[in-house]
**Student:** 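Here you go, one structure.
Every chain is numbered from 1, with letters handed out A, B, ... down the list of sequences.
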Amino acid sequence: MSVKTTDWFRLDNSGKIFPEVSNQRETNTFRVQVALTEEVDPDILQMATLGILDRYPMFKVRMKHGFFWNYLDYNTKPFQIQKMSHEVCSALNPRENNCYLFKVLYRNNLIAIEMFHSLADGGGVVMLLQSLVYEYLKLKGYDVSPDNIIKTKYERPVEEEYEDANSKYYNAKNRKHVPEQRAYRIKGTMLPDNLTGLISGTMNTNEILELVRSKELTMTEYFAGLMMHVIYNTQIRYRTHLKGNQAPVKIFVPVNLRKHFPSETLRNFSNFVKTNMVMSRDDITLEELFDHAKQEFKNGMTKEELIRKMSENVAFEKNVFLRFMPYFIKRYALKIGYNMLGMKLNTMSLTNIGKVVFPKSMEPYIFDVTAAVYSGKYNTVNCAILSYRDKLKISFSRSILETNMEREFFRHFTDKGIDVSIESNFVEEFV
Amino acid sequence: MKHCDKCNITIETKQQYCPLCHQVLSGTGDADKMETYPDYVSPRRMILPTTKKVIMFVSILSILILIVINWAGFDGRYWSLIPIGGILYFWLLVRIGVFSRRNIGFRFASLTVLLIAFMILIDFEGESTVHGWSIDYMMPLLLMTCNLAISTTIWIRLLDYRDYFLYLLVIIVFSIAPIVLVFTKVVTVTWPSIASFGVAIAILLFIVFFFPKSIKEEFKKRFHA
């Protein structure tokens, strides 16, 4: 049976927690953005969005309260695209957009989707964006073909796209909770009014790949190691005696589980690997950090470990006491659970969305692709990486004024003679 | 393209400084190129919160004064509860009735329950020697009105009728209360309670006969664990 547009959906495992722990500062939203080679026509984009939403009933929803859990109910109201404002990954305002849990934004040549994390993760949004851009170009009258990469509106949605894969692959026997220490927090001057700064640098994918391979690392390992080095240099080094600097630096790296389990789901299906190191020494070298990152990835990516982390979350949700607790009490339980398993345990998140592929026929119309995640009170600087053809785009979002992390990060590459071109939303001008 | 000599990066912008190190950029930008990201637009000044603050201040002050006067000249009656209830009722009426964006079924149902509660308060704390009018007449008739109001809304906005079902069902369940009071002999005038109950049963039967699937679906959604 295929999915109808009038269905309702349970929230998936990770989606259940976000509505309770999100607010204006911790928005739990993220953005994927495409720059076209020409200016975007809002009317056509609106038409394309409406067309594509019927293909994705999963996204044509609003959040509703049930007695035990929130759920996603189909939304009968029309979707409205919006002009991009200065806000990056801001909280979703239900009044603005008929209670939809994502936004489609446009500006000059940009099309962006900002999505609430309850609904999907980066993988799902990239698929939605691909379809949207395809539909847009098609309506524009260009000769583009989907080439089995893109889900077009003529396909029927299938059940597998909507499964809660976490509960499908979890193992009740392998779910040991490993207590964690609170992570080091990057300090800085908070930006007022929940503003978010965005700085992205574009580099050549092949040059970076060459550099990374010369160290026998993967790209994510390289960036994780480098990021730790940057945090060490800008934040901790020479101040190793301070009490706050004794906390381990933990970089949260989401892992797309679709690559490890046979699932085609559009919903949340990711887990994480974390680097974990107390950096209160004077003599930490970059090489040492690369080795550390490599080791952590090797340990964290084993099937047992991935299932354990997945099961740990699912077990929390499947707990009988929690399940049958009325929602108005449960929300507090969720908040406590989140503090145990959640945000304060990470220094920053480093998302590698990986390679975004468009069909050959669409490539001439697409200039580049960017991703960004929100930054909040605890994770003050976050990073999202994505590559499209020969453009590797690394985007930092930050909720603090200081830019030394970004500066040191990109200077690492320019010192090696790699060209970096920067984009910024110049959040300094806003305050 | 502009260039930062310190960071050794290139950037296309109209700004004069490097976003990474905040030093001056060299070179000239392309004048036709738009900035990648939009400029800051300061949010609209909110007029409402000031008004809200004033009304809230006056309300809280009034409540405190009422409590103090009632307590100072205490004669065994808690008369201050009635004006305090009035103030709270006003707040909830504005909050739920006017500013809430929740669906109309929810607003009807909660305002009805609130109004009934307020009426019972006036009835039993008031000066009058005649007691019981709130549960004799007000409660059943208000519940009946609410039942009819939500049903009419569903009738008119047939497109998304499922949104309102839950609240209709809640009010129908509440309509059992007057009939219970009739049987326990608390209510002396029986016809409003019986009429209200009859209307509720009629509406319930109508739903059961004509929308059985929607009811089932709505229950599944709201009570899944």
**Student:** My understanding is that only one of A:Leu198, A:Ile422, A:Val427, A:Asn425 makes a side chain to side chain contact (heavy atoms under 4.5 Å, CB included) with B:Pro19; could you say which?
**Tutor:** A:Ile422
**Student:** If we define contacts as heavy-atom pairs under 4.5 Å, which of A:Arg323, A:Arg411, A:His65 has the most with chain B?
**Tutor:** A:Arg411
**Student:** Check whether B:Asn8 gets within reach of chain A through its side chain, its backbone, both or neither, counting any heavy atom under 4.5 Å.
**Tutor:** both
**Student:** Output the distance between atom CZ (A:Arg407) and atom NZ (B:Lys6), rounded to the nearest 0.5 Å.
**Tutor:** 8.0 Å
**Student:** If every non-hydrogen atom of A:Phe68 is compared with every non-hydrogen atom of B:Phe223, which pair is closest and at what distance?
**Tutor:** CD1-O, 3.5 Å
**Student:** Do B:Lys220 and A:Tyr71 have side chains that approach each other closer than 4.5 Å (heavy atoms only, starting at C-beta)?
**Tutor:** no
**Student:** Is a donor on one side and an acceptor on the other found under 3.5 Å between the side chain of A:Thr414 and the backbone of B:Ile9?
**Tutor:** no
**Student:** Are the aromatic ring centres of A:Phe426 and B:Tyr40 under 6.0 angstrom apart?
**Tutor:** no
**Student:** Using a cut-off of under 4.5 Å on heavy-atom pairs, state which of A:Glu428, A:Glu406, A:Lys83 scores highest against chain B.
**Tutor:** A:Glu428
**Student:** Within the 4.5 Å heavy-atom criterion, are A:Ser424 and B:Thr13 side-chain neighbours or not?
**Tutor:** no
**Student:** Please report the shortest heavy-atom distance between B:Pro38 and A:Met84, naming the atom on each side.
**Tutor:** CG-O, 3.5 Å
**Student:** Please classify the contact of B:Glu35 with chain A as side chain, backbone, both or neither, using a heavy-atom distance under 4.5 Å.
**Tutor:** both
**Student:** Is the count of non-hydrogen atoms from other residues, nucleotides or ligands lying under 6.0 Å from A:Tyr106 atom OH greater than 12?
**Tutor:** yes
**Student:** Kindly check if the number of other-residue, nucleotide or ligand heavy atoms within 6.0 Å of CZ (A:Phe367) is above 12?
**Tutor:** no
**Student:** Of all the heavy-atom pairs spanning B:Leu20 and A:Thr403, show the shortest one and how long it is.
**Tutor:** O-OG1, 2.7 Å
**Student:** On a heavy-atom basis, which atom in A:Ser200 and which in B:Tyr37 lie closest, and how many Å separate them?
**Tutor:** OG-OH, 4.3 Å
**Student:** Supply the atom-to-atom distance B:Cys4 SG to A:Phe410 CZ, rounded to the nearest 0.5 angstrom.
**Tutor:** 13.0 Å
**Student:** NE2 of B:His224 to CG of A:Leu11: how many Å apart, nearest 0.5 Å?
**Tutor:** 7.0 Å
**Student:** Starting at CZ of B:Arg222, measure out to OH of A:Tyr327 and round the result to the nearest 0.5 Å.
**Tutor:** 13.0 Å
**Student:** Considering non-hydrogen atoms only, spot the tightest contact between B:Lys221 and A:Asp73 and give its length.
**Tutor:** NZ-OD2, 2.8 Å
**Student:** A side-chain contact here means heavy atoms from C-beta on lying under 4.5 Å apart; do B:Thr10 and A:Asp419 qualify?
**Tutor:** no
**Student:** Examine whether an atom of B:His22 lies under 4.5 Å from a heavy atom of chain A, and if so say whether it belongs to the side chain, the backbone or both; otherwise answer neither.
**Tutor:** side chain
